[in-house]
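Have a look at the structure below before the remarks.
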Amino acid sequence: MSENSIFLQVPSKFFYDWIESHYQDTIQSSLREITGNGINVKYTVLLTNEAQNVIESRRENHLVGLANDFEPKYAQTGMLERGTKINENYIFENFVEGSGNQFAKAASMAVANTPGKTTFNPLVIYGGTGLGKTHLLQAIGNSALAQGNAKKVVYVSSDTFTLDFIAAIQKNKTTDFARYYRGVDMLLLDDIQFFQNKEQTQEQFFHIFNDLYQHQKQIVLTTDRPPMELKGLQDRLLSRFQSSLTVDIQPPNLETRIAILSKKASDDNLDLPYEVIEYIAQNVKSNIRELEGLLIRLLAYSSLMQVDIDINLARRVLREAGTIEKRVVVSIEDIQKIVSAEYTINLNSLVGKSRTKEVAEARMMAMYLAREHTNLSLKTIGIYFGGRDHSTVVHACKCIEERYNTEKPFCTLINLIKEKINNLL
Ligand code: ADP
Ligand code: MG
């Protein structure tokens, strides 16, 4: 412990994340009680092989101080933190690219490189929860700051913006409020769907928006639905958003999910068996936050119970988390039989070398269904199809999913076959 800092040594970044997210307040308030003043908590992560690596959790890359004459109510009471804090892990380098988020990432990087100077002003990022909107938004801020492309960057959630605005009204400080926001180089406003039906806040925002826009300051917004579908938003605000560039983030496909999990694991110096990664990625489909949550749960389990992470532990954790949907599990042989009957081809060609269009489609279909309706790993599935590589199975699943989502008749066909699988039980 030094004069104004305390160092905590933890075995891995996972512990640091866990302590930060669960005990930060407790630790802070205890320290305040004991020492009578604020103390920085810093973490030292003991890396197994490498030299020690210091993570300063409270590093001051907090962007802007508050304007002197404007005191946000919620920051003061400690109920809600003012949104000027940017998570230093939310950077482009940590954002795994996949087909669903490629364009959003590229647009975000363009904006960070030349804020206010691209045609993407404002840039609107939309996508479902847990798909990386906040991550991208803050990555823009972090990158622009690091490159020196912007000095005053403010990240704020629309909720906090609204609460602060209300507080400003109560204190007769709306002028200060507006001045504060008009003085920024870059405004990153998260989750603008919270603005719905908040007319006065929208009004205020509209003026700030116009002012920043006219001064070529970059504005980036996120929303969990397409701008056209934001109900309860004033028309003039809507038309502003609609004339901007909107980029969407789609749920990650299997490969991207595997890539994200592998990256998180290796960032944490974790040696996860590939089959565990694959198993989690197969079962958690729509949400990256959930993907991360499961990884953390798995780690917590294994460290508390002192067992290695393997496929059985992963199964158990996912089942307890309620992630695994109830699905029909059958044998891969049954699936192969049903599919070859449906396509009227024989079983040998299904697992053989033929590449005719029909056989190839049937094979991909059977691989996809095997992934959905057996507990076999992709590698094992490949083996059942004439010793093919696991990447072939991944590719097959992707093709089928794509057609499932875009071709009506194909979708009907899959449902029909699934029906037959269900009837096996
Ligand atoms: P949203 O704001 O869309 O609800 P977040 O940005 O909070 O989602 O993302 C949820 C979690 O998933 C965060 O921890 C984020 O770092 C992580 N995440 C999302 N997308 C990616 C990605 N492409 N690569 C790595 N991590 C990601
Ligand atoms: Mg978010």
Side-chain angles (χ1 to χ4, degrees), residues 13-14 16-22 24 55 57 80-81 83-109 111-112 123-143 154-162 187-196 220-227 229-230 246-268 270 272 277 280-281 284-300 321 323:
K13 189 171 156 295
F14 158 67
Y16 153 67
D17 284 337
W18 184 268
I19 293 172
E20 269 283 289
S21 59
H22 290 81
Q24 190 197 353
I55 296 177
S57 73
L80 247 177
E81 278 209 60
T84 46
K85 209 169 59 170
I86 287 199
N87 182 333
E88 66 198 51
N89 291 321
Y90 286 173
I91 53 177
F92 290 126
E93 289 76 11
N94 290 343
F95 191 82
V96 177
E97 203 172 298
S99 55
N101 61 30
Q102 230 161 20
F103 187 51
K105 184 180 178 186
S108 300
M109 288 175 82
V111 158
L123 173 68
V124 180
I125 303 171
Y126 95 83
T129 38
L131 295 186
K133 297 185 295 299
T134 301
H135 188 136
L136 267 189
L137 191 62
Q138 299 203 359
I140 295 174
N142 279 324
S143 161
V154 169
Y155 163 84
V156 66
S157 85
S158 303
D159 245 0
T160 309
F161 184 92
T162 306
L187 178 60
L188 309 170
L189 190 61
D190 212 355
D191 292 315
I192 55 164
Q193 70 274 7
F194 291 133
F195 274 173
Q196 291 179 104
V220 189
L221 312 164
T222 73
T223 153
D224 69 354
R225 63 211 73 174
E229 285 170 27
L230 285 165
T246 303
V247 290
D248 67 338
I249 307 184
Q250 294 293 331
N253 59 24
L254 179 66
E255 283 157 307
T256 312
R257 296 197 298 271
I258 290 177
I260 289 173
L261 278 174
S262 310
K263 172 148 184 25
K264 304 259 173 215
S266 81
D267 284 352
D268 284 354
L270 264 179
L272 276 193
I277 291 187
I280 301 174
V284 183
K285 292 191 180 144
S286 58
N287 187 324
I288 297 169
R289 191 174 295 126
E290 202 182 327
L291 214 55
E292 286 182 349
L294 277 163
L295 197 58
I296 290 182
R297 220 178 237 263
L298 200 59
L299 286 165
T323 306

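Just so you know, ligand 1 is whichever comes first in the structure, and atom 1 is the first atom listed for that ligand.
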Are [X] and [Y] side-chain neighbours, meaning at least one heavy-atom pair lies under 4.5 Å?
X	Y	value
Pro251	Ile288	no
Thr223	Glu229	no
Leu272	Leu261	no
Asp248	Pro226	no

Give the atoms of ligand 1, by number and element, whose distance to some non-hydrogen atom of [X] is under 4.0 Å.
X	value
Gly128	3 (O)
Asn101	23 (N)
Phe95	20 (N), 21 (C), 22 (C), 23 (N), 24 (N)
Thr129	4 (O)

Practice problem: For the Mg ion (ligand 2), count the protein N, O or S atoms found under 2.8 Å away. | Solution: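 Near the Mg ion (ligand 2), the number of protein N, O or S atoms below 2.8 Å is 1.
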Quiz item: What do you reckon, does Lys264 put a non-hydrogen atom under 4.0 Å from ligand 1?
Solution: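 Judged by the 4.0 Å heavy-atom criterion, Lys264 does count as contacting ligand 1.
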Quiz item: Is the closest heavy-atom distance from Gly130 to ligand 1 below 4.0 Å?
Solution: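 Gly130: in contact with ligand 1 (<4.0 Å).
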Exercise. Before giving the answer on side chain to side chain contact (heavy atoms under 4.5 Å, CB included), spell out for Gln196 and Leu230 the whole-Å C-alpha distance, their side-chain angles and the decisive distance to 0.1 Å.
Key: CA-CA 7 Å; Gln196 291 179 104; Leu230 285 165; 4.3 Å; yes
Among all protein non-hydrogen atoms, which one is nearest to [atom], and what is the separation to 0.1 Å?
atom	value
atom 24 (N) of ligand 1	Val96 N, 2.8 Å
atom 16 (O) of ligand 1	His135 ND1, 2.7 Å
atom 12 (O) of ligand 1	Ile288 CG2, 3.2 Å
atom 25 (C) of ligand 1	Asn94 O, 3.2 Å
atom 7 (O) of ligand 1	Arg289 NH2, 2.9 Å
atom 2 (O) of ligand 1	Thr134 OG1, 2.7 Å

Pairs of nitrogen or oxygen atoms closer than 3.5 Å, one from [X] and one from ligand 1: do any exist?
X	answer
Glu97	no
Gly132	yes
Leu131	yes

Quiz item: Asn142 and Glu88: which non-hydrogen atoms are nearest, and at how many Å?
Solution: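 For Asn142 and Glu88, the tightest heavy-atom pair comes out as ND2-CA, 4.1 Å.
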Exercise. Work out which heavy atom in Ala107 is nearest to a heavy atom in Val247; give both atom names and the distance.
Key: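 So the minimum-distance heavy-atom pair works out to CB-CG1, 4.0 Å.
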Quiz prompt | Centroid-centroid under 6.0 Å between Phe195 and Phe161 rings | solution =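 Yes, close enough.
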Quiz item: Does Pro227 have any side-chain contact (heavy atoms from CB on, under 4.5 Å) partners at least two apart in sequence or in another chain, and if so, which?
Solution: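 Partners of Pro227 by the side-chain contact (heavy atoms from CB on, under 4.5 Å) criterion, ordered by chain and then number, come out as Val124, Tyr126, Phe241, Thr246.
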Quiz item: Would Asn101 and Leu136 count as a side chain to side chain contact (heavy atoms under 4.5 Å, CB included) if you check the C-alpha gap in whole Å, the side-chain angles of each, and the deciding distance to 0.1 Å?
Solution: CA-CA 10 Å; Asn101 61 30; Leu136 267 189; 5.7 Å; no
Practice problem: Start with the C-alpha gap between Arg257 and Val284, add the side-chain angles, then the distance that decides, and say whether side chain to side chain contact (heavy atoms under 4.5 Å, CB included) holds. | Solution: CA-CA 8 Å; Arg257 296 197 298 271; Val284 183; 5.7 Å; no
Quiz item: Would Asp190 and Thr134 count as having a side-chain donor-acceptor pair, cut-off 3.5 Å?
Solution: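 Judged by distance alone, the side chains do pair up.
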Quiz item: Under a 4.0 Å heavy-atom limit, does Glu292 contact ligand 1 with its side chain, its backbone, both, or neither?
Solution: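 Only the side chain of Glu292 comes within reach of ligand 1.
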Quiz item: Going through the checks in order, is the side chain to side chain contact (heavy atoms under 4.5 Å, CB included) test met by Leu295 and Glu292?
Solution: CA-CA 5 Å; Leu295 197 58; Glu292 286 182 349; 5.5 Å; no
Self-check item: Candidate pair Asp159 and Thr162, rule side chain to side chain donor-acceptor pair (under 3.5 Å), full reasoning
Solution: CA-CA 5 Å; Asp159 245 0; Thr162 306; 5.3 Å; no
